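Since the model is a prediction, treat every value here as computed from it, not as a measurement. Note: hydrogens, waters and symmetry copies are ignored here, and every other heavy atom, side chains too, is used. Quick note on labels: first sequence line is chain A, next is B, and so on, each numbered from 1.
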Protein chains: 2
Amino acid sequence: MKSEKISDAVVRRLPVYLRFLNELSRREVPTVSSQELGQKLDLNPAQIRKDLAYFGDFGRKGIGYDVSYLIEKIRQILNLDQQINVALIGAGNLGQALSNYNAYLKDNMKIVAVFDASPEKIGSQINNITIQPIEVLVDAVKGNHIRIGIITVPDVEAQRVADQLVAAGIEAILNFAPTILKVPAGVRVHAADFTTDLISLAYYLDGGKERSEHDSKMVD
Amino acid sequence: MKSEKISDAVVRRLPVYLRFLNELSRREVPTVSSQELGQKLDLNPAQIRKDLAYFGDFGRKGIGYDVSYLIEKIRQILNLDQQINVALIGAGNLGQALSNYNAYLKDNMKIVAVFDASPEKIGSQINNITIQPIEVLVDAVKGNHIRIGIITVPDVEAQRVADQLVAAGIEAILNFAPTILKVPAGVRVHAADFTTDLISLAYYLDGGKERSEHDSKMVD
DNA sequence: TAGATTGTTAATCGATTAACAATC
DNA sequence: TAGATTGTTAATCGATTAACAATC
């Protein structure tokens, strides 16, 4: 256990660990070693041990990590031991898809409010939540202890929505718009724009790019 | 211009540059400096210059970068100067949302085939593309010069779909399922699972989390 | 005990940033 | 020319990996 500050790279691996641990738990596997974790998650075992050791001594030498205990600890670290209210802004295709994922997020995160700008959507329901006009966003966020905002509005509106979220005291934003949001220090923004991921994939296509040999041996 | 191998971090910034350059182009801005770029994109100007210099001498000392020229060059680097056919596997909410984004991707990437496992979806259309059964995936990918696959099937099916894509000779995969896919070297996989991004945001919520102090003296 | 595996330090590797000569 | 800005080297910073004593 140290008390350095934790890098974002480390934090982003925690949900990955948690996900796999949950699977082990379902399968009633009692313990797991950093080696097994590393194998399944394509990570170096030393890195996993180091990541976990930032937060405490969760493992037992010679044994590994108790699955249930580690789940509990990671959930604490990630603040998932309390319900976290989330707002979704933008009820288009993507927004609707995300709000349906809600069910999967049994991680104590819950979309409790949905906002949209277009009058014809307002008042209709997504997943039992009534779509509200963006005009009431600030009050609704303040009034419902909403701490995270998910932005799925079109590009050009994203910054404006972010500004309103910030004005409402939001603590973190997941931004699906392909825009670099400007927010004050203290508000955390994660980019979730998949077009960046998709387009960068194209770089690795073998279109005359000099690249290392790639054999087509299958992994079984 | 060097000829080292380019890191993934660099490659992932290229689409970000491209996006902003396209905006400048729309606004008919003729040139841009690394400093302006850095300001808008929250990046260090030296980093931007270094990134671009891996691929060529695109700038002019004292002037900056010609917007149109740089767009052209980055598009070449990213293989976007040719049409790239993409398959979408999984026509659920998310898949449908993505296929509608198709319009936005005027970057020469096109979803040309959609697959799904559920019989009731097969034959219906998304965005003018008829949904096909997964059984024909391998042949369809081979036959239509499809080079990238986007996986939006449920968790448990993701690896199986990936295996089929690999069997069909896919070159790259964008994976929305929260699973670490095992693929042979030479096939590039980018994770696009937003639950990881969302959950890791929770870490930064301030539940008393300047937490260099967080006692975990646990007696086992 | 013998084997396994952690937690942690040290070594390595890689990525970012600063600095500046070159030059438009 | 004077000011601006690149491309690139060197310095710094940070993250990953190797190694191993501790110990279950």
Side-chain angles (χ1 to χ4, degrees), chain A residues 1-14 16-17 21 24 29-67 69-70 73-74 77 180 200 203 212, chain B residues 1-14 16-17 21 24 29-70 73-74 77 180 200 203 212 214-220:
Chain A
M1 175 101 177
K2 342 258 196 73
S3 50
E4 313 168 32
K5 69 172 181 317
I6 311 299
S7 82
D8 191 44
V10 173
V11 174
R12 278 173 187 270
R13 282 191 292 269
L14 296 179
V16 178
Y17 301 151
L21 289 165
L24 291 178
V29 176
T31 60
V32 65
S33 68
S34 61
Q35 186 168 133
E36 289 170 74
L37 280 168
Q39 210 136 46
K40 292 292 184 177
L41 303 177
D42 277 351
L43 295 170
N44 183 298
Q47 182 171 63
I48 294 174
R49 292 199 298 278
K50 199 163 197 282
D51 283 355
L52 297 174
Y54 282 116
F55 302 99
D57 289 1
F58 301 147
R60 300 219 306 180
K61 294 186 173 68
I63 310 288
Y65 299 90
D66 181 276
V67 170
Y69 180 66
L70 191 52
K73 282 303 176 185
I74 294 180
I77 294 163
I180 309 297
S200 65
Y203 174 83
S212 42
Chain B
M1 176 88 171
K2 343 260 195 69
S3 51
E4 313 168 35
K5 70 170 182 317
I6 311 300
S7 84
D8 191 45
V10 173
V11 173
R12 278 172 186 270
R13 282 190 292 268
L14 296 178
V16 179
Y17 300 152
L21 288 165
L24 290 178
V29 176
T31 60
V32 65
S33 68
S34 60
Q35 187 168 132
E36 289 170 75
L37 280 168
Q39 211 137 45
K40 292 292 184 179
L41 303 177
D42 277 352
L43 294 170
N44 184 298
Q47 182 172 62
I48 294 174
R49 294 199 299 278
K50 200 162 197 280
D51 284 355
L52 297 173
Y54 282 117
F55 302 100
D57 289 2
F58 301 146
R60 300 217 308 181
K61 294 185 172 69
I63 309 289
Y65 299 89
D66 182 276
V67 171
S68 305
Y69 180 66
L70 191 52
K73 283 304 179 185
I74 295 181
I77 294 162
I180 309 299
S200 64
Y203 174 83
S212 328
H214 150 267
D215 190 355
S216 57
K217 257 278 127 47
M218 225 24 200
V219 185
D220 307 48

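Of the residues near DNA chain C, A:G62 and A:A46, the one whose nearest nucleotide (by heavy atom distance) lies more toward the 5' end is A:G62. If A:D51 and A:E36 are placed on DNA chain C by their nearest nucleotide, the residue sitting closer to the 5' end is A:E36.
Side-chain contact between B:V10 and A:Y203 is absent, with no heavy-atom pair separated by less than 4.5 Å.
Residue A:L21 comes nearest to A:I74 through the heavy atom pair CD1-CD1, 3.7 Å, listed as atom of the first residue, atom of the second, then distance. Looking at every heavy atom in both residues, A:I180 comes nearest to B:D42 through CG2-OD2, 3.9 Å. Of all the heavy atoms in A:V29 and A:T31, the pair that sits closest is CG1-O, 3.3 Å.
Here the rule is side chain to side chain contact (heavy atoms under 4.5 Å, CB included) with B:Y65, and of B:R60, B:K73, B:R49 only B:R49 fits it.
The phosphate of C:dG14 (OP1 or OP2) has no side-chain N or O of B:S7 nearer than 4.0 angstrom. When the side-chain nitrogen and oxygen atoms of A:Y65 are compared with OP1 and OP2 of D:dC24, none of them lie within a distance under 4.0 Å. Taking only side-chain nitrogens and oxygens, A:S34 comes nearer than 4.0 Å to OP1 or OP2 of C:dT6.
Look at NZ on A:K61: it is 6 Å from P on D:dT23, rounded to the nearest Å. One interatomic measurement links the two molecules: CZ of B:F55 to P of D:dT8, which rounds to 14 Å at whole-angstrom precision. Distance B:R13 CZ to C:dA15 P: 9 Å, rounded to the nearest Å. A:K50 places its NZ atom 9 Å from the P atom of D:dA15, with the value rounded to the nearest Å. Note: CG (B:N44) to P (D:dG14) measures 13 Å, nearest angstrom. Between the CZ atom of A:R12 and the P atom of D:dA15 there is a distance of 13 Å, rounded to whole Å. The distance between atom CG of A:L52 and atom P of C:dT8, rounded to the nearest whole Å, is 12 Å. For the pair A:Y54 OH and C:dT9 P, the interatomic distance rounds to 11 Å; values are reported in whole Å.
The listed nucleotides are D:dC24, C:dT8, D:dT8; the one nearest the side chain of B:D57 is D:dT8. Listed nucleotides: C:dT5, C:dG7, D:dT17. Nearest to the side chain of A:S33: C:dT5.
Rounding to the nearest 0.5 angstrom, the gap separating the CG atom in A:L43 from the CD atom in A:Q35 is 13.5 Å.
Base pairing in DNA chain C gives the following stems of 3 or more Watson-Crick or G-U pairs, range against range and under 3.5 Å: C:3-24 with D:3-24.
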For A:Y17 and A:D51, run side-chain contact (heavy atoms from CB on, under 4.5 Å): C-alpha distance rounded to whole Å, both residues' side-chain angles, the deciding distance at 0.1 Å, then the answer. CA-CA 10 Å; A:Y17 301 151; A:D51 283 355; 2.5 Å; yes
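Residue contacts shown for A:R49 include a base, since a base heavy atom lies under 4.0 Å away.
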